[in-house]
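Working notes, structure below.
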Amino acid sequence: MSETRRQILSVAWRALTACAILFSCGAALALGPADGDQPVVVFWFAGLGSASALGGWLAWNSISSTRLRDQLHLIDTAFRCVDVAVVGLDDHGQIFFANAAAAKLAGIDHADLIGQAFGERFPLRNAADGKPVLLQELQSTDGDAVPALRAVLRAVLRDAGGNEHALDISCAREEAGRRQVSFLAMEDVSVPHGISLELFWQANHDALTGLVNRRGFEEQLHNAITAEGEPDKRHTLLFLDLDRFKLINDSGGHAAGDEFLRQIAAVLRARVRTSDVLARMGGDEFAVLLHACPVEQALRIANAIRMDVSNFRFVWREKVFHVGASIGLVVMSDPAADAAEIMEQADVACYAAKEAGRDQIRVYHAKAASHLPRADMNIVETIHDAIERNGFRLFRQRIAGLDETTAKTRHFELLLRMVDRDGKIVPPMVFIPSAERHNMMQAIDRWVLANALPAIRRECEATPDNLPVFDINLSAESINDSRFPQFVREQIALHGTPPEAICFEITETLAVANLTKAAELIRELKELGLRFALDDFGAGMCSFAYLKHLPVDYVKIDGAFVRDMFAEPMNREVVSAINNIAHSLGMKTVAEFVETEGTLNRLREMGVDYAQGHAVGRPFYFS
């Protein structure tokens, strides 16, 4: 409806009101009663008064409406020259005022915008997390009696053409009695700055996975902390660190690592709820903010995530990788804790999960966590001390032959233990992860070799006609160290140990991840007469074809398949397949984790060459 038409209707309405008043008065004079007719007089004056009151009310209403329209017209004139979209809303959220910029932003005529519901014409989404922005959020105040100005909120509006507009929105609200009037100012920051919307997205999201990044996550964590909520609806934070991700990067390069992160992000996104915030914090670390999630439900979600990651198989150029997830869980119950403190608590809980053996979930507890950060450094100091004072101990476990030929051989695996200053034995699951994190495995490998070779030589001297074989584990650091073969030569020459009595063990995952280096090391040291074993075969689910590129002497079948042979028929088939293929390549097989006589007999029937486990013999002191 045009402004001219509005003015014509206003004049007509006023003329009709005046005519009604004059008609009432004229009718009263023409039909006036005789002097003696009292009831008619009362009726006549009552009718005249009612008509006058009605006419006065209509006239005043016309004047008030005219004043309101004049005021809105002045407001529209004031905001016509600015690019900021301004809308006025009544207490039902309907638009009673909109300037030209607002009509343009909505994509409809100015007249058609009046009377529309704001949420229908302006479907806003939060620019940080993509969630719908409710009108109540924009109209929120601090409860003061004076008009409140809401902090600027960044939102995104998609127009009819599919284009997205980044809007900075502020709201002023005025309450008058039972009625409430709100004015929203929406500045389209994507127009004057061109690419500001894209830059804003990049600032708050990870370019590789499309997830929220650390900056965006910490901002939303801060908002969750400061927002008032019901005490029984506390938020929960999960912090995830992927286990064995480094193997993918080392084997396939950064291209493989990037593709894996994209795929694992999709796995995580499918598990979390729509109300939650999933973020990549950097590297192989992720975080999930679970809104209004009690700890019991959070634990179920965390365990589902852990299982999804564990069951995921990443294929890259015919290689198959699997990883795990160590997860720390924090219940946001401390009102005094800020975002930085909560993130630190989550990191401590995640560290505890890794220390527990990885692929674990740990809930943050303040008392238990107070010693964890220092605990890692204590382990590192203990490792340094053990290297300097010979604080390690070597144990050996028998590897028994299962047929007439192999039964005559004396074969053992050397196992490392650490002794602290108090004389207590520290198991490898405690100090090995810390040694790997702090790049100390190469020093440990060299200590083992320097101390094992003299003892191996003495064993060989005791039975020169039947030389024993001792398996020694190697780390990734030693495999990739170009100086390690020379160190082996020097130690063999120094101690006079027969090379054929030494067998280096390399795990399947390490060998495949460092295939070229591992193959070179194996060939170089086999020329000296040393032997090699591929440990935990089957754990990495790698192709059997890699066996052709790794000229090892023994294939040690992963104990997870051996231990559950009777419970899982598939495991028996895997053990049988590994045994047959290894034999076809001229390699001997060793079954690990043999715990019962029944398993031992079944392995013997299947033609497996050796067995290792408690059914054969427990570890005992060597050196």
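Sequential numbering from 1 along the given sequence is applied to the chain's residues.
Taking the charged nitrogens against the carboxylate oxygens, Glu592 and Arg563 have no contact shorter than 4.0 Å, which rules out a salt bridge. In this structure, Glu505 pairs ionically with Lys556, as a charged nitrogen and a carboxylate oxygen lie closer than 4.0 Å. Between Asp241 and Lys354 there is a salt bridge, since a side-chain N of the basic residue sits under 4.0 Å from a carboxylate O of the acidic one. Under the 4.0 Å criterion applied to side-chain N and carboxylate O atoms, Glu218 and Arg214 are assigned as salt-bridge partners.
The aromatic rings of His235 and His291 stand perpendicular to each other, their planes meeting at an angle above 60°, with 30° marking the opposite boundary. Ring pair Phe314/Phe260 is perpendicular by interplanar angle, where above 60° counts as perpendicular and below 30° as parallel.
For the atom pair CD1 of Ile264 and CG of Leu261, the computed distance is 8.5 Å after rounding to the nearest 0.5 Å. The distance from the CG atom of Leu242 to the OG atom of Ser326 is 9.0 Å, given to the nearest 0.5 Å. Here the straight-line distance linking atom CD1 of Ile361 with atom CZ of Arg306 works out to 5.5 Å at 0.5 Å rounding. The structure places CG of Leu268 at 12.0 Å from CZ of Arg280, a figure rounded to the nearest 0.5 Å. Note that CZ of Phe537 is 5.5 Å distant from CD1 of Ile578, once rounded to the nearest 0.5 Å. Within the model, atoms CD of Glu381 and CG of Asp420 stand 13.0 Å from one another, a figure rounded to the nearest 0.5 Å.
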Go through Leu184 and Phe118 one step at a time and tell me if the side chain to side chain contact (heavy atoms under 4.5 Å, CB included) criterion holds.
CA-CA 10 Å; Leu184 296 179; Phe118 175 79; 3.3 Å; yes
Before you tell me yes or no, could you show the steps for Ile169 and Phe122 under side chain to side chain contact (heavy atoms under 4.5 Å, CB included), namely the whole-Å CA-CA distance, both residues' side-chain angles and the distance that decides it to 0.1 Å?
CA-CA 12 Å; Ile169 305 175; Phe122 295 93; over 6 Å; no
Before you tell me yes or no, could you show the steps for Arg417 and Phe395 under side chain to side chain contact (heavy atoms under 4.5 Å, CB included), namely the whole-Å CA-CA distance, both residues' side-chain angles and the distance that decides it to 0.1 Å?
CA-CA 7 Å; Arg417 302 290 185 267; Phe395 287 72; 3.6 Å; yes
Residues Val594, Leu603; criterion side chain to side chain contact (heavy atoms under 4.5 Å, CB included); working and verdict
CA-CA 9 Å; Val594 180; Leu603 292 170; 3.6 Å; yes
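Asn311 places a side-chain N or O within donor-acceptor distance of the main-chain N or O of Met307, the cut-off being under 3.5 Å. Using modelled atom types, one side-chain atom of Asp276 and one backbone atom of Arg273 make a donor-acceptor pair closer than 3.5 Å. In this structure, the side chain of Arg313 engages the main chain of Ser310 through a donor-acceptor pair within 3.5 Å.
Using a 4.5 Å heavy-atom threshold, the side chains of Leu289 and Phe217 count as touching. A heavy-atom distance below 4.5 Å is not found between the side chains of Asp338 and His222. Side-chain contact between Lys424 and Val419 is absent, with no heavy atoms from C-beta onward closer than 4.5 Å. Contact of the Arg271 side chain with the Val288 side chain is not registered, since no non-hydrogen atoms from C-beta on lie closer than 4.5 Å. Side-chain contact between Arg572 and Phe561 is absent, with no heavy-atom pair separated by less than 4.5 Å. In this structure, Val331 and Tyr364 have side chains that are not in contact, with every pair of non-hydrogen atoms separated by 4.5 Å or more. At a threshold of 4.5 Å between non-hydrogen side-chain atoms, the residues Asp168 and Met186 do not count as touching. Looking at heavy atoms from C-beta onward, Leu238 lies in side-chain contact with Leu290 at the 4.5 angstrom threshold.
No hydrogens or angles considered: a donor-acceptor pair under 3.5 Å links the side chains of Gln397 and Gln612. His165 and Asp188 share a donor-acceptor pair across their side chains, judged by distance under 3.5 Å alone. Side-chain atoms of Arg215 and Asn204 include a donor-acceptor pair closer than 3.5 Å. Checking Gln263 against Glu259 by side-chain atom types alone, a donor-acceptor pair falls below 3.5 Å. With hydrogens and angles left out, the side-chain atoms of Asp445 and Ser475 include a donor and acceptor closer than 3.5 Å. Arg300 and Asn303 form no side-chain donor-acceptor contact under 3.5 Å, judged by distance and modelled atom types alone. Using a 3.5 Å distance cut-off with no hydrogens or angles, the side chains of Thr209 and Asp206 do pair a donor with an acceptor.
The two residues Gln220 and Val212 come nearest to each other via the heavy atoms NE2-CG2, 4.2 Å. Scanning all heavy atoms of the two residues, the minimum distance from Cys350 to Leu240 falls at SG-C, 4.5 Å. Of all heavy-atom pairs between Asp243 and Val323, the closest is O-CB, 3.1 Å. The two residues Leu237 and Ala346 have their closest heavy-atom pair at CD2-CB, 3.8 Å. Listed here is the closest heavy atom pair of Asp284 and Phe286: O-CD1, 4.0 Å. When all heavy atoms are compared, the tightest approach of Ile301 to Cys293 is CD1-SG, 4.2 Å.
Within 6.0 Å of CD in Gln297 there are more than 12 heavy atoms belonging to other residues, nucleotides or ligands. Shown here is Phe593, whose CZ atom has no more than 12 heavy atoms of other residues, nucleotides or ligands within 6.0 Å. Atom CD of Glu344 has 12 or fewer neighbouring heavy atoms from other residues, nucleotides or ligands inside a 6.0 Å radius.
Checked against side-chain contact (heavy atoms from CB on, under 4.5 Å), Val363 has the following partners two or more places apart in sequence or in another chain: Leu299, Leu329, His365.
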